[in-house]
Amino acid sequence: MKERNPPGSGLRIRGEFFRSDPVTCARGLIGAEIHWKGCGGVIVETEAYSVRDDPACHTFSRPSSRAFVAGHPPGTAYVYLNYGVHWLLNFLVKGGEEDGFVLIRALEPTRGLAAMRRRRGVEARKKLCSGPGKLTQAFGIDRAQHGYDFTKGDSLRLVLGGAIPRVATGPRIGISKAVDLPWRFVLAGSDCLSAPL
DNA sequence: GATGCGATTCAC
DNA sequence: TGAATCGCATCA
């Protein structure tokens, strides 16, 4: 495989990036890279969750989630346990037109494949990070990262020099409320998605 | 495609 | 104390 985009390359994503609104951030993160614990991956699937008028957002029914929004800067990781089994990674969006979260749903692995395979217990590259619970397991992300400000490090980067990612949009999946909002974003043609769009 | 798994938060 | 929950792996 061709070596590309080592850690530290590309444009660092700063806090201002997360000071707009969840939909803008979710779309804008497609094609960006996450580097963490020696592993790297291109974000190929995200979902937006809005504090305002979005029953599927944690803040809608969870006071602790609203307190988290109030008490942390934009770009902070919001990590929670789903179904008692899987850690899910979100980034806090606040201070702009609309507050909310971006859920990272799938990555295309680029670095640290051996460590990912070790943590995941599977070999196929396409299956290492093709789901929100899979990617946190592959990257070793859990409650220890809840509240960590990812814009303070080199972990989030926009890749320069490549083709502008073609982003497709569809309804969010895995939820029971507000299912009609087209707030799921994917890198068109990626074979590492959690499900077809 | 159906089913078992099982932590955390919040409401009752 | 109980209900609900923003998946995944393992079956068939």
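Labels below follow one simple rule: chain letters A, B, ... track the order of the sequence lines, proteins then strands, and each chain is numbered from 1. Every value quoted in this text rests on a predicted model; they were computed, and no experiment measured them.
Between A:Leu88 and A:Val79, the closest side-chain pair of non-hydrogen atoms is not below 4.5 Å. Residues A:Phe185 and A:Leu197 form no side-chain contact, since every pair of their non-hydrogen atoms from C-beta on lies 4.5 Å or further apart.
Cation-pi geometry between A:Arg172 and A:Tyr49 is met: the NZ or CZ atom falls under 6.0 Å from the ring centre, inside 45° of the normal.
When the side-chain nitrogen and oxygen atoms of A:Arg62 are compared with OP1 and OP2 of C:dT5, none of them lie within a distance under 4.0 Å. Checking the phosphate oxygens (OP1, OP2) of C:dT5, a side-chain nitrogen or oxygen of A:Ser176 falls inside 4.0 Å. The phosphate of B:dT8 (OP1 or OP2) has a side-chain N or O of A:Arg143 nearer than 4.0 angstrom. Between A:Ser194 and C:dG7 there is no side-chain polar atom (N or O) within less than 4.0 angstrom of OP1 or OP2.
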>> Both atom distances under 3.5 Å, Watson-Crick or G-U wobble: I'd like the secondary structure of DNA chain C as a dot-bracket string, with | for pairs made across strands.
In response: |||||.|||||.
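When distances run from any side-chain atom of A:Val85 to the nucleotides C:dA9, C:dC6, B:dG6, the shortest one goes to B:dG6. Checking B:dT8, B:dT9, C:dC6 against every side-chain atom of A:Asn82, the shortest atom distance belongs to C:dC6. When distances run from any side-chain atom of A:Pro63 to the nucleotides C:dA9, C:dG7, B:dC10, the shortest one goes to B:dC10. With C:dC6, B:dT9, B:dC5 as the candidates, the nucleotide lying closest to the side chain of A:Tyr49 is C:dC6. Here the nucleotide nearest the side chain of A:His86, chosen from C:dG7, C:dC6, B:dA7, is C:dG7.
No donor-acceptor contact under 3.5 Å links the side chain of A:Tyr83 to the base of B:dC5.
The pair A:Glu108-A:Arg125 meets the salt-bridge criterion, with a side-chain N (NZ, NE, NH1 or NH2) lying under 4.0 Å from an Asp/Glu carboxylate O.
Rounding to the nearest 0.5 Å places CD1 of A:Ile30 at 9.0 Å from OG1 of A:Thr169.
Heavy-atom nearest nucleotides on DNA chain B were determined for A:Ser61 and for A:Gly84, and the one closer to the 5' end corresponds to A:Gly84. A residue-by-residue look at A:Lys177 and A:Lys127 shows that A:Lys177 has its nearest nucleotide of DNA chain C further toward the 5' end.
Rounded to a whole Å, the NZ atom of A:Lys134 is 13 Å from the C1' atom of C:dT10. When the P atom of C:dT5 is taken as reference, atom CZ of A:Phe60 falls 13 Å away, rounded to whole Å.
Between the side chains of A:Tyr78 and A:His72, no donor N or O sits under 3.5 Å from an acceptor N or O.
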